[in-house]
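We name chains A, B, ... by the order of the sequence lines, and we start the count at 1 in each one.
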2 protein chains.
Amino acid sequence: MPRVSDVKKRLTDAALDLMWENSYGTTSVDAICERAGAKKGSFYYFFKSKSELTAAALEAEWNKNKANMDALFSPTIPPLERFDRYFDHVHDRLAGLQHECGSILGCPLLSIGSEVSTQDKIVRDTVDRILDRKIKYFESAIRDAHAQGLIEAPDPQAKAKTLFACYHGTLAQARIQNDLELLRNFKEIAMDVLGAKPAAITST
Amino acid sequence: MPRVSDVKKRLTDAALDLMWENSYGTTSVDAICERAGAKKGSFYYFFKSKSELTAAALEAEWNKNKANMDALFSPTIPPLERFDRYFDHVHDRLAGLQHECGSILGCPLLSIGSEVSTQDKIVRDTVDRILDRKIKYFESAIRDAHAQGLIEAPDPQAKAKTLFACYHGTLAQARIQNDLELLRNFKEIAMDVLGAKPAAITST
DNA sequence: AAAATAGTTGACTGGTTAGTTTATGCGGGT
DNA sequence: ACCCGCATAAACTAACCAGTCAACTATTTT
């Protein structure tokens with residue numbers, strides 16, 4: 001069979017699925033292997049440790065999503081509409097996952113990151129790095145919106161941090177309360193936080 | 001010795017400390033007992049399970065903090081100043097804990113809640129209940145601020161949810177990045193989210 | 001075809017986990 | 001003085017955990 005193997009990918013996929021739905025701590029290497037249809041030997045052939053697998057899984061997830069993020073936050077789209085589309089997209093994705101597993105799962109970076117941050121440097125640094133990349137999309141959309149006079153944001157980085165925190169806080173609450181509704185109208189909350197006049201979003 | 005025993009309290013204290021600093025999953029019953037100076041037999045005499053102990057620990061922590069919250073959010077204090085004081089208080093507490101354990105710990109309700117929410121109904125419901133109580137402080141302060149014309153918030157409950165999410169998102173990020181700085185100037189971010197004119201906070 | 005390479009397998013280790021059991025101590029009520 | 005019930009103690013179970021290892025197979029290179 002060998003030559004090229006997709007076990008590595010199957011392992012990172014399985015790990016992310018299980019950790020996102022449950023948690024880092026309750027996801028055992030055995031369970032990851034079972035879902036990936038791999039044996040433990042293969043696991044430790046490809047990865048040094050559970051931490052490293054997790055870091056790889058998060059990076060892989062990021063790479064899967066990057067193209068999509070680039071499209072959603074394309075400079076060809078009016079800046080505030082980018083947020084609209086992004087929040088809709090995440091909402092729909094989480095709704096789909098809820099259909100599969102019965103729970104609102106929130107953001108894996110936040111749940112996993114917050115769980116391991118004081119104990120696992122490898123995973124923590126990975127989460128940190130990816131969050132930094134994500135926030136850049138917010139920042140440039142906000143800068144564009146400010147330049148077009150749609151919002152007042154002389155410090156786009158600060159505004160991006162605020163909106164980012166607000167969104168992730170909402171995602172965390174949605175997970176804890178298993179309530180998708182909190183995300184349904186986040187668009188409006190975002191516009192409120194950004195200080196956009198309703199008229200700036202759609203022509204009224 | 002018997003008659004009244006403080007083991008129960010020692011157990012909930014130890015559990016909260018360990019789970020806050022590390023996580024629910026990595027905090028073993030053995031470790032809790034050791035820190036509390038109790039034996040496992042006592043643990044399972046007082047509590048049915050680790051879940052129940054955790055729920056009790058969170059409730060106990062809430063009760064410890066309630067008087068303080070009532071004071072910070074006293075109606076005798078100008079509404080926006082309540083937030084100022086509250087954010088300062090949390091900042092100082094987390095700074096103190098960082099001094100002890102080297103990490104910014106964030107909000108235990110959020111980290112523990114997000115970790116166990118899909119798997120542990122007992123703990124999840126407890127977290128949910130306490131978060132609901134906490135948000136009420138925000139809500140009434142916002143309502144008062146609106147009534148006094150300090151901010152524009154026709155829907156205080158929605159505004160409270162937004163600010164609450166934003167704050168918890170920031171706390172989570174502070175934990176993940178181990179960065180207290182994110183919390184140092186949250187007061188200003190809060191005022192921005194609330195839409196308060198700078199002049200409304202302190203007389204300029 | 002032989003050797004080097006890339007990947008796979010399953011059995012194993014030693015330590016840890018949540019939770020149980022059984023026996024025992026100590027104090028207050030009668 | 002005696003007993004009852006709250007509380008403690010230590011030893012125990014059985015499952016599970018992350019990680020190891022040496023033998024094995026299939027492919028590619030030479």
Side-chain angles (χ1 to χ4, degrees), chain A residues 1-19 21-58 60 112 115-124 126, chain B residues 1-19 21-58 60 112 115-124 126:
Chain A
M1 296 156 220
R3 168 70 182 166
V4 283
S5 150
D6 63 336
V7 173
K8 204 164 173 173
K9 182 190 178 314
R10 293 211 312 271
L11 283 168
T12 52
D13 281 353
L16 194 91
D17 284 355
L18 292 169
M19 288 178 189
E21 179 168 350
N22 305 294
S23 66
Y24 177 87
T26 58
T27 300
S28 71
V29 173
D30 285 317
I32 296 168
C33 290
E34 193 188 332
R35 171 181 274 239
K39 295 292 152 61
K40 234 199 197 137
S42 298
F43 183 106
Y44 284 100
Y45 173 75
F46 287 110
F47 303 101
K48 273 217 284 282
S49 65
K50 188 180 165 187
S51 294
E52 259 196 17
L53 175 271
T54 307
L58 292 170
I112 297 174
E115 179 181 350
V116 307
S117 63
T118 60
Q119 297 171 266
D120 191 314
K121 190 165 159 37
I122 298 175
V123 178
R124 189 239 283 255
T126 304
Chain B
M1 294 160 221
R3 183 34 206 188
V4 283
S5 151
D6 62 336
V7 172
K8 205 165 172 170
K9 185 193 175 310
R10 293 211 310 269
L11 283 168
T12 51
D13 282 353
L16 193 91
D17 284 355
L18 292 169
M19 288 177 188
E21 179 169 350
N22 305 293
S23 67
Y24 178 86
T26 58
T27 300
S28 73
V29 174
D30 285 320
I32 296 168
C33 290
E34 193 187 331
R35 172 180 273 239
K39 293 292 153 63
K40 241 205 194 126
S42 299
F43 183 106
Y44 284 100
Y45 172 76
F46 287 110
F47 303 101
K48 274 217 282 285
S49 65
K50 187 180 165 186
S51 294
E52 260 197 16
L53 175 270
T54 307
L58 292 171
I112 297 174
E115 180 182 350
V116 307
S117 63
T118 61
Q119 299 169 266
D120 190 316
K121 192 166 157 36
I122 299 174
V123 177
R124 189 240 282 256
T126 305

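- In the set C:dG19, D:dA18, C:dT9, the nucleotide with an atom closest to the side chain of A:Tyr44 is D:dA18.
- Rounded to whole angstrom, the span from the OH atom of A:Tyr45 across to the P atom of C:dT5 amounts to 11 Å.
- The CG-P distance, from A:Asp6 to C:dG7, rounds to 11 Å in whole Å.
- Scanning all heavy atoms of the two residues, the minimum distance from A:Ala15 to A:Leu53 falls at CB-CD1, 3.2 Å.
- Checking side-chain atoms of B:Ser42 against main-chain N and O of B:Ala38 turns up no donor-acceptor pair under 3.5 Å.
- In summary, the side chains of A:Gln119 and B:Thr26 do present a donor paired with an acceptor at a separation below 3.5 Å, with no hydrogens or angles considered.
- A donor-acceptor contact shorter than 3.5 Å links the side chain of A:Thr27 to the backbone of A:Ser23.
- Put simply, CG on A:Asp120 is 13 Å from P on D:dA18, counting in whole angstrom units.
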Scan nucleotides 12-17 of chain C nucleotide by nucleotide, 5' to 3', and note B when protein non-hydrogen atoms come under 4.0 Å of the base, S if they reach only the sugar-phosphate, - if neither. -----S

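- Here the C1' atom of nucleotide C:dT8 and the NZ atom of A:Lys8 are 15 Å apart, to the nearest Å.
- As rounded to whole Å, 16 Å separates atom P of D:dC21 from atom CZ of A:Phe43.
- Judged by distance alone, with hydrogens and angles left aside, the side-chain atoms of A:Asp6 form no donor-acceptor pair with the main-chain N or O of A:Lys9 at under 3.5 Å.
- The structure places OH of B:Tyr24 at 3.5 Å from OG of B:Ser51, a figure rounded to the nearest 0.5 Å.
- Taking atom CD of residue A:Glu34 and atom P of nucleotide C:dG10, one finds them 13 Å apart after rounding to whole Å.
- Distance B:Leu11 CG to D:dA7 P: 13 Å, rounded to the nearest Å.
- The side chain of A:Lys39 lies closest to C:dT9 when the candidates are C:dT9, C:dA6, D:dT8.
- Applying the side chain to side chain contact (heavy atoms under 4.5 Å, CB included) test to A:Asp17 and every residue at least two apart in sequence or in another chain returns A:Arg35.
- Per the geometry, NZ belonging to B:Lys9 stands 17 Å off P belonging to D:dA7, to the nearest Å.
- Considering only the side chain of B:Phe46, D:dT8 comes nearest among D:dT8, C:dA18, C:dG10.
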